[in-house]
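Owing to the predicted nature of the structure, the values given are computational and were not obtained by experimental measurement. Residues take their numbers from the sequence shown, with the count starting at 1.
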Amino acid sequence: MKNYSLEKILDLNKWQNLQDSLSQLTQLAILTIDYKGNPITTHSACSDFCKRVRADEVLSKRCQKCDSRGGFEAVCSNKPYIYMCHFNIVDIAIPISVNDRYIGAIMAGQVRLSDEDSSIGIEQLHTSPTGMTAFNKSSELQNLYNELPILPYEKIEAISEMLSCLCNYIVDEAKNKNYLLDLYLNVNAIKTPTGTSPLAMEQDITKLKSSLSHAISNVYIENFVSKKESILSPIIEYLNVNRGIMLSLSDAASLVHLSPGYFSRIFSKEVGMPYSVYLMQLKVDWSKQLLEKTTLSVTQISDELGFSDPSYFIKVFKKQEAITPLLYRNYIHI
C-alpha cells in the first residue's frame, strides 16, 4: 500500500503550474496534500487573511481542525465537501483516490459567499470565540477579511465539481500507464512469463483486479438495494449521512414513526440481525475505511464516529475483527 502516492501520479512541477493557473482562473486558494495531510505543492494564491491567521499559534490550531474535519468528510463521502471554517470562510476538500484508496486531496477555498447566498446552510465545522474576539479587536484582520474574494455558491459548487473531475481524469490516465503495472508486480512479487508483452500483462492484471473488486460485497447493504421501498430505508439513509451520530433504537424508531418494540422486530426480520448489531457493524466498517485511508488516531476516529469512549470503540472493533484498530492499521499497511 505504501507505493500508492501522488508522486507516482503527478509530475509535481507541471501540477504546480496547473494549480497556479487554476487558482488564478477560479479565484480560489489551492493546495495539494498527501494522505498524511502534508503539502506536496506550495499554496497557490493563499490569501493574506489566512496567512495572518495561520501565523497565530492559537488560531492556526482551529484552521488545522477545520482542515482535518473537512478532509474526513470528503474521504467518507468520496466526493467534494464544501464547508465553512471558523471564520465563516468557504473551503472545499476534494479527495484523490486510487482503487478506493485515499492518497491525498486538493484543498481549495478562502472565499466568502455573496450576500444573496449568505443564508445557505453550509456546515461550519468549528466555532472559535477566541478567534472572533481577536478578529473584532484587530482592524488589520478585518481589512484583510474584506479583501477576500466573494463568489456565489453556485460557482463554488461548479468549481468543486470541476476540480473533482480533473482529479478523477488524472487518476484514470495514470492507471493506464506502466506505474500501476509496476506497482502491482512489486507488491505481489509476480514473476512475468518470458515473452509476455507489457500490454498483455497489464490487460490480464486489470481484468483480474476488476473481477476481485466486483466479487467483494456487503451483504446487509445489498439487502436494502433490493428493498428500495422498505419502511426502514430512511433509517439506512440517515445512518449513512450522519456517521458521527450514535442513533439509539428508540430514536431510530421515532424517525419512521414506529414503537421501539415493533421497529426492533421489523428491523431484525428485514435485515437479519438486531439494530444494535447492524449499527456497530456499520461503525466498524467505516472505522476500517478511516484506518486504511487516513492517519487519524484511534481516538479521533472514535470521536468522529460518535463513540463516547475510545476504549468502548476498541472493544467493539476487537469483538468484530478479533484484533484492535491499531493492529488492523499496522496489518493493512504491511
Steps toward side chain to side chain contact (heavy atoms under 4.5 Å, CB included) verdict (E321, V284): CA-CA 9 Å; E321 299 296 322; V284 170; 3.8 Å; yes
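- With a 4.5 Å cut-off on side-chain heavy atoms, N242 and L247 do not count as touching.
- Between Q16 and T42, the side chains place a donor N or O and an acceptor N or O closer than 3.5 Å (distance only, hydrogens not considered).
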Candidate pair L166 and I106, rule side chain to side chain contact (heavy atoms under 4.5 Å, CB included), full reasoning: CA-CA 11 Å; L166 178 62; I106 293 177; 5.8 Å; no
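- The two residues Q142 and K137 come nearest to each other via the heavy atoms NE2-N, 4.3 Å.
- Here the side chains of E73 and Y83 are not in contact, with every heavy-atom distance at 4.5 Å or above.
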Q27 vs L151, side chain to side chain contact (heavy atoms under 4.5 Å, CB included): CA-CA, chis, key distance, verdict: CA-CA 9 Å; Q27 295 183 273; L151 294 177; 3.4 Å; yes
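- Summarising the geometry of R112 relative to N146, their closest heavy-atom pair is NH2-O, 3.2 Å, with the distance given to 0.1 Å.
- Counting non-hydrogen atoms of other residues, nucleotides and ligands closer than 6.0 Å to NZ of K61 gives a total of 12 or fewer.
- Counting only heavy atoms from C-beta outward, the side chains of V111 and I150 never approach each other to under 4.5 Å.
- The minimum heavy-atom distance between I94 and S160, with the atom names listed, is CD1-O, 4.0 Å.
- Heavy-atom minimum distance, G244 versus K283: C-NZ, 4.3 Å.
- Between G70 and Y81 the shortest heavy-atom distance is O-CD2, 3.9 Å.
- Counted by atom type alone, S250 and S248 present one or more donor-acceptor pairs between their side chains at under 3.5 Å.
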Trace of the side chain to side chain contact (heavy atoms under 4.5 Å, CB included) decision for I266 with Y262: CA-CA 6 Å; I266 290 293; Y262 185 64; 3.6 Å; yes
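- Looking only at side-chain heavy atoms (C-beta outward), L291 and L296 stay at 4.5 Å or farther from each other.
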Working for salt bridge (charged side-chain N to carboxylate O under 4.0 Å, His left out), residues R329 and E292: CA-CA 6 Å; R329 169 174 275 165; E292 294 171 13; over 6 Å; no
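- Across every non-hydrogen atom of M246 and L305, the tightest pair is CE-O, 4.0 Å.
- When side chains are defined from C-beta on, Y278 counts as touching L282, because their heavy atoms get closer than 4.5 Å.
- Surrounding CD of E237 are at most 12 heavy atoms belonging to other residues, nucleotides or ligands under 6.0 Å away.
- Proximity of D91 to M107: side-chain heavy atoms (C-beta onward) are nowhere separated by under 4.5 Å.
- F263 and Y275 have their aromatic ring centers within a separation under 6.0 angstrom.
- The aromatic rings of F313 and F307 are tilted relative to each other, their planes meeting at an angle between 30° and 60°.
- L113 places a side-chain heavy atom less than 4.5 Å from the side chain of M84.
- Judged as a side-chain hydrogen bond (donor to acceptor under 3.5 Å, both in side chains), the pairs with a partner in residues 304-316 (not counting sequence neighbours) are, in order, D309-S311.
- A donor-acceptor contact closer than 3.5 angstrom is absent between the side chains of W15 and T41.
- Taken from CZ in R54 to OG in S47, the straight-line distance is 9.0 Å, to the nearest 0.5 Å.
- Residues I245 and W286 are members of one and the same hydrophobic cluster, defined by side-chain heavy-atom contacts under 4.5 angstrom among Ile, Leu, Val, Met, Phe, Trp and Tyr.
- Put simply, the side chain of L255 does not reach to within 4.5 Å of the side chain of P234, judged on heavy atoms.
- No side-chain donor-acceptor contact under 3.5 Å links S23 to the backbone of Q19.
- Between F87 and F49, the two ring planes are perpendicular [angle over 60°; tilted spans 30° to 60°].
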